[in-house]
Student: 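Quick one: the structure is below, and I'll ask about it shortly.
No hydrogens, no waters, no symmetry mates; every other heavy atom, side chains included, goes into these values.
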Protein chains: 2
Amino acid sequence: MKKDRPFTHAIDRLGSVGLRPTRQRLALVRLLFENGDRHVTAEQLHREVTEIGVKVSLATIYNSLNQFTAVGLLREVAVETGRSYFDTNTAAHHHFFNDDTGELQDIPGDSVVLSTLPIAPDDTVVESVDVIVRVRNK
Amino acid sequence: MKKDRPFTHAIDRLGSVGLRPTRQRLALVRLLFENGDRHVTAEQLHREVTEIGVKVSLATIYNSLNQFTAVGLLREVAVETGRSYFDTNTAAHHHFFNDDTGELQDIPGDSVVLSTLPIAPDDTVVESVDVIVRVRNK
DNA sequence: CAATAAATTGGAACCATTATAAAAAAATAT
DNA sequence: ATATTTTTTTATAATGGTTCCAATTTATTG
Ligand SMILES: [Mn+2]
Ligand SMILES: [Mn+2]
Ligand SMILES: [Zn+2]
Ligand SMILES: [Zn+2]
């Protein structure tokens, strides 16, 4: 029996955004999307893909993360200067960031809501609103 | 007649946090705190201090910004990977970030309020909540 | 003023990321 | 299938913001 969830298969997900299903991109797509929502850095993903025995250069990791972001498969989250996080959940949502562990995690559902959104400065339009709740280990 | 606002003078502000009033630090404190709230990067501040004719190395700019942050005179705001912004307003408040110009600016008063704050993950405590409203030029 | 401690400095090192250009792989045409 | 063309991957170099370092200068203390 066949799942009807869209893009169950890595190859279809790549096809849907017009990227060729290469060995490297397939491995990355599987790691990223076949285990629920994820938040990864380039180095993390490189370590993971290497661990499962697939050889992918770090340059390709960066290329792929940027391409996936450009086509809307991923979004980038800025939590600390120095390194980028990529998020497989592209819907509007907010984050907890653990300063001790560097772990980024979604804030569930609507458990944080802005009561008022402020008026954007003159001649500007609001693009997005990012809420980051910074936490520390107790 | 004497102002009664605390730390009107750069030298007092440095004294109050136990930092020696060197020529370099005095110039930086004046630029940072004598013209209302500011949001600057290291490079920006270096350009400014150079423009007023004070010679300060970039290393000292970084040292000073980090020291000022450590003693609570400044706070660091993470808006984009790659470079740090330092904020002279250390009270809890939120920001507009203009992606086109790189300008960071305070969201006035309580024009943005979180209706609910989410429960922090197990064994963690909330440290701070940062709201960044990203805008673009119209 | 002498001695000591702290701060500043130029330049090297660092680290995440991006650029480059050659080799490899994939798609297309024959 | 083979040849041709296009895209992708890769190793490596370059980049840019930041930090480190050891030598020099400045400030404080005795
Ligand atoms: Mn990017
Ligand atoms: Mn810092
Ligand atoms: Zn997320
Ligand atoms: Zn601010």
Student: Mark yes or no for whether His93(A), through its side chain, and Ala91(A), through its backbone, hold a donor-acceptor pair below 3.5 Å.
Tutor: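 Here the side-chain-to-backbone pair exists.
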Student: Would Ser84(B) and Glu76(B) count as a side-chain hydrogen bond (donor to acceptor under 3.5 Å, both in side chains) if you check the C-alpha gap in whole Å, the side-chain angles of each, and the deciding distance to 0.1 Å?
Tutor: CA-CA 7 Å; Ser84(B) 277; Glu76(B) 210 168 341; 2.8 Å; yes
Student: In residues 80-88 of chain A, which ones come under 4.0 Å of DNA chain C, going by heavy atoms?
Tutor: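 DNA chain C contact set from residues 80-88 of chain A: Gly82(A), Arg83(A), Ser84(A).
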Student: Cut-off 3.5 Å, no hydrogens considered: what does the side-chain donor-acceptor table look like for residues 25-36 of chain A, sequence neighbours left out?
Tutor:
from: Arg25(A); atom 1: NE; to: Arg20(A); atom 2: O; distance (Å): 3.1
from: Arg25(A); atom 1: NH1; to: Gln67(A); atom 2: OE1; distance (Å): 3.1
from: Arg25(A); atom 1: NH2; to: Arg20(A); atom 2: O; distance (Å): 3.3

Student: Between Tyr85(A) and Gly102(A) (side chain of the first, backbone of the second, donor and acceptor by atom type, cut-off under 3.5 Å), is there such a pair?
Tutor: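 Here the side-chain-to-backbone pair exists.
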Student: Can you tell me if CD1 on Ile119(A) sees more than 12 non-hydrogen neighbours from other groups inside 6.0 Å?
Tutor: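 At most 12 heavy atoms, drawn from other residues, nucleotides or ligands, come within 6.0 Å of this atom.
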Student: Do Asp106(A) and Asp37(A) have side chains that approach each other closer than 4.5 Å (heavy atoms only, starting at C-beta)?
Tutor: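 Touching, per the 4.5 Å side-chain cut-off.
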Student: Verify the contact: side-chain N or O of Tyr62(B) to OP1 or OP2 of dT18(D), cut-off strictly under 4.0 Å; return yes or no.
Tutor: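 Checking Tyr62(B) against dT18(D): at least one side-chain N or O falls below 4.0 Å of OP1 or OP2.
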Student: Report all interatomic pairs (protein N or O, nucleotide N or O of nucleotides 8-14 of chain D) with separations under 3.5 Å.
Tutor:
from: dT8(D); atom 1: OP1; to: Arg25(A); atom 2: NH2; distance (Å): 2.7
from: dT9(D); atom 1: OP1; to: Thr22(A); atom 2: OG1; distance (Å): 2.4
from: dT9(D); atom 1: O3'; to: Gln24(A); atom 2: NE2; distance (Å): 2.7
from: dT10(D); atom 1: OP1; to: Gln24(A); atom 2: NE2; distance (Å): 3.3
from: dT10(D); atom 1: OP1; to: Lys55(A); atom 2: O; distance (Å): 3.2
from: dT10(D); atom 1: OP2; to: Ser57(A); atom 2: N; distance (Å): 3.0
from: dT10(D); atom 1: OP2; to: Ser57(A); atom 2: OG; distance (Å): 3.3
from: dT10(D); atom 1: OP2; to: Thr60(A); atom 2: OG1; distance (Å): 2.8

Student: How many Å lie between CG on Leu14(B) and C1' on dT28(D), as a whole number?
Tutor: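 About 16 Å, once rounded to whole Å.
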Student: So where does chain A start and stop touching DNA chain C, 5' to 3', when the test is distance under 4.0 Å to a non-hydrogen atom?
Tutor: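 Going 5' to 3' along DNA chain C, contacts run dA16(C) to dA27(C).
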Student: Treating Thr60(A) as the side-chain partner and Val56(A) as the backbone partner, does any N or O pair qualify as donor plus acceptor under 3.5 Å?
Tutor: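 Judged by distance alone, no pair lies under 3.5 Å.
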Student: Taking the nucleotide of DNA chain D with the nearest heavy atom to each, does Glu43(B) or Pro21(B) sit closer to the 5' end?
Tutor: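 Its nearest nucleotide being more 5', the pick is Glu43(B).
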Student: Going by salt bridge (charged side-chain N to carboxylate O under 4.0 Å, His left out), name the pairs with one or both residues in residues 77-88 of chain B, residues two or more places apart or in two chains.
Tutor: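 Checked against salt bridge (charged side-chain N to carboxylate O under 4.0 Å, His left out) - neighbours excluded - the pairs reaching residues 77-88 of chain B are Glu80(B)-Arg83(B).
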Student: Determine whether a donor-acceptor pair (N or O, by modelled atom type, separation under 3.5 Å) exists between the side chain of Thr116(B) and the backbone of Pro118(B).
Tutor: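 Pair absent, no side-chain N/O of Thr116(B) close to backbone of Pro118(B).
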Student: Does anything in residues 115-127 of chain A form a salt bridge (charged side-chain N to carboxylate O under 4.0 Å, His left out)? List the pairs, not counting sequence neighbours.
Tutor: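 Qualifying pairs, neighbours excluded: Glu127(A)-Arg136(B).
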